[in-house]
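Single-structure report; data block below.
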Protein chains: 2
Amino acid sequence: MIDPEKRYQALLAKLKAHGARITSHRLALLRLLSVSEDHPDASKIYNQLRIQFPTISLATVYKTLHLLKQEGEVLEIPLQNGAHFDGRKPYPHPHMICTKCGKILDGDKLTFPEVANREIQNKLNFEVANSQLVFYGVCGQCH
Amino acid sequence: MIDPEKRYQALLAKLKAHGARITSHRLALLRLLSVSEDHPDASKIYNQLRIQFPTISLATVYKTLHLLKQEGEVLEIPLQNGAHFDGRKPYPHPHMICTKCGKILDGDKLTFPEVANREIQNKLNFEVANSQLVFYGVCGQCH
DNA sequence: CTACTTGCAAAGCCTTTGCAAACTA
DNA sequence: TAGTTTGCAAAGGCTTTGCAAGTAG
């Protein structure tokens, strides 16, 4: 499990180390990311932050997400209808999307990516650096 | 290996069975799809077809691709910078994208997706119906 | 004070849609 | 002829960018 407070501190430390300015909007975004288990998209983050900061703009959300992505602290999950973001587990991992309820499950404990990378290396002579693995189907609750 | 002529005939038969009208633009698009091993995007298809049909529009390309997708005869590969299409192997399969030369390799002979689906089913109780598996890295030629 | 950050509006991409004209069957 | 398909232009959704005003350090 990830401790939201620890994650928040880690994100904050990274921003500071990078020399970025610490604004209230950024702090709120870090807080939101460190708590969110649901892989929000930019628009959802924007709407959440707007509750506390009515003047915040979507552009600021995108800019800050971009910054965190560059620092390797946010994982972008590009889907057909826009990108979703994971600020708790910023390393590539499989995602399972339930086509009934829309939930996005994490597959960070699955071991098949290693099998995949090995097979791709051996059979295709292709050196995998990164991957984007999305599975669509029905989750246990919906089934 | 896929025989382009056979694939072309199969696509054509499917269109006819669907009751769609056979236009010269559609024939040219089918021909192009059945020959293309490089997973073109809509814009590339459009530019190729424009050589022979200078008045064809991008909208027509999208509409015809949509039709073929619905018939299950074209696979859409959604990437960050737009969708690419595979009209030769319209079933889901992994793709390897070389970050040096941009080539998109097919992984339709790889076996790990079965391992993946089984692991996801067993560990997460999630029933996979579909998947979109993209690996980024360096291909043999570029390495 | 200086440089970074913000909000706004505009623009960029890719894709879809509405509609009258053209065309297939 | 009837109904589909086409090209065009406009609009849609998501994301980025330019810039003047605001703010952190």
Side-chain angles (χ1 to χ4, degrees), chain A residues 11-30 32 39-71 74-85 102 104 132 134, chain B residues 11-30 32 39-71 74-85 102 104 132 134:
Chain A
L11 286 168
L12 183 51
K14 200 66 177 278
L15 269 198
K16 284 181 176 166
H18 179 254
R21 302 213 166 150
I22 307 305
T23 67
S24 56
H25 293 177
R26 285 185 172 168
L27 287 179
L29 199 151
L30 295 194
L32 184 58
H39 311 83
D41 58 12
S43 162
K44 180 162 187 187
I45 294 171
Y46 170 59
N47 285 314
Q48 291 274 125
L49 294 180
R50 255 207 306 185
I51 298 169
Q52 202 183 342
F53 300 94
T55 67
I56 196 172
S57 75
L58 193 48
T60 295
V61 171
Y62 275 111
K63 283 168 186 168
T64 306
L65 285 172
H66 181 74
L67 176 60
L68 290 167
K69 229 167 44 183
Q70 284 196 315
E71 291 294 307
V74 155
L75 177 73
E76 182 172 358
I77 310 162
L79 304 178
Q80 272 108 312
N81 30 322
H84 289 240
F85 298 90
I104 302 179
Q132 184 220 300
V134 182
Chain B
L11 287 169
L12 182 52
K14 201 68 177 278
L15 269 197
K16 283 182 176 166
H18 178 254
R21 301 214 164 149
I22 307 305
T23 67
S24 55
H25 292 178
R26 284 184 171 168
L27 287 180
L29 198 150
L30 295 193
L32 183 57
H39 312 81
D41 58 13
S43 162
K44 180 162 186 187
I45 293 171
Y46 169 59
N47 285 315
Q48 291 274 123
L49 294 180
R50 252 202 314 181
I51 298 168
Q52 203 183 343
F53 300 94
T55 67
I56 197 172
S57 75
L58 193 49
T60 295
V61 172
Y62 276 110
K63 283 168 186 166
T64 305
L65 284 172
H66 181 75
L67 176 61
L68 291 167
K69 228 167 46 183
Q70 284 196 315
E71 291 294 305
V74 156
L75 177 74
E76 183 173 358
I77 311 162
L79 303 178
Q80 273 108 310
N81 31 322
H84 289 240
F85 298 90
I104 302 179
Q132 184 221 300
V134 183

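Just so we're on the same page: letters track the sequence lines, and every chain starts at 1.
Within residues 57-65 of chain B, the residues that have a heavy atom under 4.0 Å from DNA chain D are, in order of number, B:S57, B:A59, B:T60, B:K63.
Atom NE2 of A:H18 and atom P of C:dT5 are 8 Å apart (whole Å). The CZ atom of A:F53 sits 10 Å away from the P atom of C:dG7 (whole-angstrom rounding). What separates CZ of A:R21 from P of C:dC1 is a distance of 16 Å, to the nearest Å. As a whole-Å value, the separation of B:I45 CD1 from C:dT15 C1' is 13 Å. Taking atom CZ of A:F85 as the reference point, atom P of D:dC14 lies 12 Å away to the nearest angstrom. In this structure, B:I22 atom CD1 and D:dT5 atom P are separated by 9 Å, rounded to whole Å. Atom NE2 of B:H25 and atom C1' of D:dC8 are 14 Å apart (whole Å). Between the CG atom of A:L67 and the P atom of C:dT6 there is a distance of 9 Å, given to the nearest Å.
No option in A:L58, A:L29, A:T64, A:I56 other than A:L29 meets the side chain to side chain contact (heavy atoms under 4.5 Å, CB included) test with A:I45.
Look at B:R26 and you won't find any side-chain N or O under 4.0 angstrom from OP1 or OP2 of D:dT4.
Of the listed nucleotides (D:dT5, C:dT15, D:dA24), C:dT15 has the atom at the smallest distance from the side chain of B:A42. Between C:dG7, D:dT5, C:dA3, one nucleotide has an atom nearer to the side chain of A:I56 than all others, and that is C:dG7.
Within a 6.0 Å sphere centred on NZ of B:K44, other residues, nucleotides and ligands contribute 12 heavy atoms or fewer.
Sorted by first and then second residue, the side-chain hydrogen bond (donor to acceptor under 3.5 Å, both in side chains) pairs with a member in residues 16-30 of chain A read A:H18-A:E71; sequence neighbours excluded.
Nucleotides of DNA chain C nearest to B:E76 and B:A20 differ in position, and the one nearer the 5' end is that of B:E76.
B:H66 comes within 4.0 angstrom of nothing in the nucleic acid, heavy atoms only. Backbone-only engagement by A:T55 is indicated by non-hydrogen atom pairs under 4.0 Å involving sugar-phosphate atoms exclusively.
Remark: A:L15 CG to A:L67 CG distance equals 5.5 Å, nearest 0.5 Å. Rounding to the nearest 0.5 angstrom, the gap separating the CD atom in A:Q80 from the CG atom in B:L79 is 10.0 Å. One finds the CG atom of B:D41 at 8.0 Å from the CZ atom of B:F85 (value rounded to the nearest 0.5 Å). Distance check, rounded to the nearest 0.5 Å: NZ of A:K14 to CD of A:Q70 gives 11.5 Å.
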